[in-house]
Amino acid sequence: RVALAFSGPSYLELIEDTSPDETVNQTFLKDFPGGEIHVGGGLQHVGCMVDSVAELLADPEVASLAVLRGEVGPIQLAYLQPAQGAHPGTMIELIERGDYINRKIETIRAASVGWDGAEPIRAPSWNG
């Protein structure tokens with residue numbers, strides 16, 4: 001289950017993994033150092049929009065922090081582990097800008113403008 005929202009200029013995603021099967025998120029939480037503390041919930045990562053995930057990961061110093069790189073549909077992304085000793089679970093997610101993700105975020109932003117709190121559960125109106 002996913003809740004998508006804006007608070008001012010900040011885009012927020014709250015995700016609850018309800019799958020009975022092991023998912024990428026469950027595997028990550030289990031395998032990431034310190035991730036087990038977030039199995040029951042909590043801040044896992046903060047996302048940053050970038051022009052090119054591949055270009056950033058071409059830097060050996062950045063690539064050495066990568067714990068997961070992949071695609072979600074047309075979206076390119078990578079997760080970077082925090083520095084040694086940082087609060088566990090607070091990773092950086094690199095999200096590559098592109099038409100699909102830009103349209104998704106703009107649709108959610110537009111729906112938040114002037115929203116009065118009525119009808120908190122609404123179906124998305126974009127279709128990729």
Side-chain angles (χ1 to χ4, degrees):
R1 294 189 286 189
V2 177
L4 309 172
F6 266 82
S7 179
S10 297
Y11 170 61
L12 308 168
E13 293 184 356
L14 301 176
I15 303 168
E16 179 184 17
D17 190 339
T18 61
S19 175
D21 301 318
E22 187 161 309
T23 64
V24 171
N25 189 52
Q26 291 171 9
T27 300
F28 172 78
L29 288 173
K30 184 175 67 180
D31 294 344
F32 185 73
E36 67 278 354
I37 69 168
H38 293 287
V39 171
L43 179 63
Q44 180 198 43
H45 67 272
V46 175
C48 298
M49 300 295 286
V50 300
D51 291 328
S52 172
V53 168
E55 187 175 306
L56 285 169
L57 293 179
D59 179 328
E61 194 170 322
V62 175
S64 70
L65 299 174
V67 291
L68 177 68
R69 179 181 178 186
E71 300 172 357
V72 177
I75 303 167
Q76 301 290 316
L77 56 86
Y79 288 96
L80 307 179
Q81 62 187 344
Q84 192 72 358
H87 179 69
T90 51
M91 298 178 304
I92 300 295
E93 178 187 17
L94 304 176
I95 309 159
E96 190 167 293
R97 288 182 184 89
D99 290 339
Y100 177 84
I101 189 72
N102 291 346
R103 284 193 319 270
K104 174 186 170 188
I105 292 172
E106 177 52 30
T107 299
I108 296 162
R109 188 205 61 76
S112 74
V113 174
W115 181 56
D116 63 2
E119 298 182 60
I121 299 174
R122 295 181 276 166
S125 60
W126 85 90
N127 56 7

Heavy-atom neighbours of Asp99 CG exceed 12 at 6.0 Å: no

From Leu94 atom CG to Leu65 atom CG, the distance as rounded to the nearest 0.5 Å: 9.5 Å

Least distance between heavy atoms, Arg69 atom then Ala54 atom: NH2-CB, 3.5 Å

side-chain contact (heavy atoms from CB on, under 4.5 Å) evaluation trace for Phe6 with Val113: CA-CA 9 Å; Phe6 266 82; Val113 174; over 6 Å; no

Shortest non-hydrogen separation from Tyr11 to Lys104 and the atoms involved: OH-CE, 3.4 Å

Salt bridge (charged side-chain N to carboxylate O under 4.0 Å, His left out) pairs, two or more places apart, involving residues 112-121: none

Set of side-chain hydrogen bond (donor to acceptor under 3.5 Å, both in side chains) partners for Glu55, sequence neighbours left out: none

Atom pair SG (Cys48) and CZ (Arg97), whose distance is rounded to the nearest 0.5 Å: 9.5 Å

For Ile95, the option from Ile101, Val50, Val53 that meets side-chain contact (heavy atoms from CB on, under 4.5 Å): Ile101

Common cluster, Trp115/Leu12, ILVMFWY with side-chain heavy-atom separation under 4.5 Å: no

Straight-line distance of Glu93 CD to Met49 CE, nearest 0.5 Å: 9.5 Å

Working for salt bridge (Lys or Arg N to Asp or Glu O under 4.0 Å), residues Arg109 and Glu106: CA-CA 5 Å; Arg109 188 205 61 76; Glu106 177 52 30; 2.6 Å; yes

Heavy-atom closest contact (Leu57 atom, Ala63 atom, distance): O-CB, 3.1 Å

